[in-house]
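Note sheet for the following structure.
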Amino acid sequence: MTGRTMKLVMTGLLLLAMVGQPRAQAEQTPEDVIVTVFSDAVELLIEREDELRDNLDLTVSLIDQTLSPHVQVPLMSQLILTTHWRTASPEQQARFVAAFRQHLLRTYARLLLDNLDEVIETVGRDESLLRVRSSTEPDRRGRVTVRTDLELVDEVLPIDYRLIAIDDGWQIWDIVIENISFVINYRDEFGSRADALGLEGLIAELEDRDTTARAGSEP
C-alpha cells in the first residue's frame with residue numbers, strides 16, 4: 001500500500017469508527033477521544049469484517065448514523081471553502097455541508113472496503129498500533145492537536161489529530177498525515193472547482209455525484 005493510500009485508508013478507518021455507539025466524552029481528554037475512536041474502529045473492523053465486505057451501502061449507512069458526534073463537518077466545510085463560505089448564503093452553506101458529508105461517507109467507505117484485507121491484516125497484528133506522542137494545550141478557540149504515531153511493520157506514520165472543544169466533549173476537524181492536511185487537500189481540490197464552476201456549480205456537482213452513487217447502488 002502506498003503512503004498516499006495508507007493516508008486515505010487511515011482517514012477512512014477513523015471515519016468508520018463512528019459506526020460504534022458514541023461514548024460520553026464530557027470527561028475524556030482529547031487523547032482519550034483519539035485512542036478510544038481508533039480502538040473502536042479496529043474492534044469494529046475485526047468483528048464485522050464479513051458483514052461489511054463488499055457492502056458499500058451498509059458501510060455508508062452505519063457511518064452515517066453516528067458521524068456527527070465525533071467529526072466537526074461544518075467547521076471543516078468553512079475552512080475548506082474559505083472566501084466562498086463567507087460569500088455563500090445560509091442555504092448554500094447548509095447544502096455544501098450536507099453534500100460534503102455524503103462525499104466523505106462514500107469516498108472513504110469505498111476506499112476502506114477496497115483495501116479491507118490489507119487493513120485487517122495491518123490492524124490485526126497489534127492492538128496498540130496508534131500511540132500518542134504529545135498534545136498541545138487548548139488555544140483561545142478551544143482547539144488542540146494530538147500528535148500520534150501509527151506503528152506499521154516497516155514504517156512509523158506520524159498522524160496529527162486536530163480537535164475542537166464543544167459543549168459535551170471534543171470533535172475532530174482535521175487530520176494531518178505526514179504533514180499533509182485533510183482540510184487543505186480538500187481546500188485545494190474544491191477551491192479550484194468553486195473558482196471554475198462557482199459555489200453553486202460545485203454544490204450541484206457534489207449533489208449530482210451523490211444522486212448518481214445512490215442510483216448506481218440500487219438493485
**Report entry** Asp188: partners by side-chain hydrogen bond (donor to acceptor under 3.5 Å, both in side chains), with sequence neighbours left out
**Finding:** none

Report task. With sequence neighbours left out, write down each residue that passes side-chain contact (heavy atoms from CB on, under 4.5 Å) with Ser89, or none if nothing qualifies. Result -> Glu91, Gln92

Query raised in the report: Can you name the side-chain contact (heavy atoms from CB on, under 4.5 Å) partners of Gln93, sequence neighbours left out?
Result: Trp85, Ala88

Query - Centroid separation Tyr186 to His103 less than 6.0 Å - result: yes

Query raised in the report: Between Phe190 and Phe100, what is the ring plane arrangement, given parallel below 30°, perpendicular above 60°, and tilted in between?
Result: perpendicular

Query raised in the report: With side chains defined as the heavy atoms from C-beta onward, is the minimum distance between Ile180 and Asn185 less than 4.5 Å?
Result: yes

Report task. Using side-chain hydrogen bond (donor to acceptor under 3.5 Å, both in side chains) as the criterion, list what pairs up with Arg187, not counting sequence neighbours. Result -> none

Report task. Please name all residues satisfying side-chain hydrogen bond (donor to acceptor under 3.5 Å, both in side chains) with Arg53, sequence neighbours left out, ordered by chain then number. Result -> Glu49, Asp117

Query raised in the report: Partners of His84 by ring pair (Phe, Tyr, Trp, His ring centres under 6.0 Å), sequence neighbours excluded?
Result: none

Report task. With sequence neighbours excluded, tell me which residues meet side-chain hydrogen bond (donor to acceptor under 3.5 Å, both in side chains) with Glu31. Result -> Thr29, Ser135

Query - Results of side-chain contact (heavy atoms from CB on, under 4.5 Å) for Thr148 - residues two or more places apart only - result: Ile34, Leu130, Val132, Val146, Ile159, Tyr161

Report task. Inspect the contact between Asp149 and Arg131 and indicate whether a charged nitrogen and a carboxylate oxygen are less than 4.0 angstrom apart. Result -> no

**Report entry** For Arg110, all residues meeting side-chain contact (heavy atoms from CB on, under 4.5 Å), sequence neighbours excluded
**Finding:** Leu56, Leu113, Asp114

Query raised in the report: Is Thr107 reaching over with its side chain to a backbone N or O of Leu104, donor-acceptor style, under 3.5 angstrom?
Result: no

Query raised in the report: With no hydrogens and no angle check, is any side-chain donor or acceptor of Thr82 less than 3.5 Å from a backbone partner on Gln78?
Result: no

Query - Inter- and intrachain pairs under salt bridge (Lys or Arg N to Asp or Glu O under 4.0 Å), touching residues 77-86, at least two apart - result: none

Report task. Name all residues meeting the salt bridge (charged side-chain N to carboxylate O under 4.0 Å, His left out) criterion together with Asp174; count only those two or more places apart in sequence or in a different chain, and write none if there are none. Result -> Arg162

Would you mind writing out the side-chain donor-acceptor pairs for residues 136-145 within the sub-3.5 Å range, not counting sequence neighbours?
from, atom 1, to, atom 2, distance (Å)
Thr136, OG1, Thr145, N, 2.9
Asp139, OD1, Arg141, N, 2.9
Asp139, OD1, Gly142, N, 3.1
Asp139, OD1, Arg143, N, 2.9

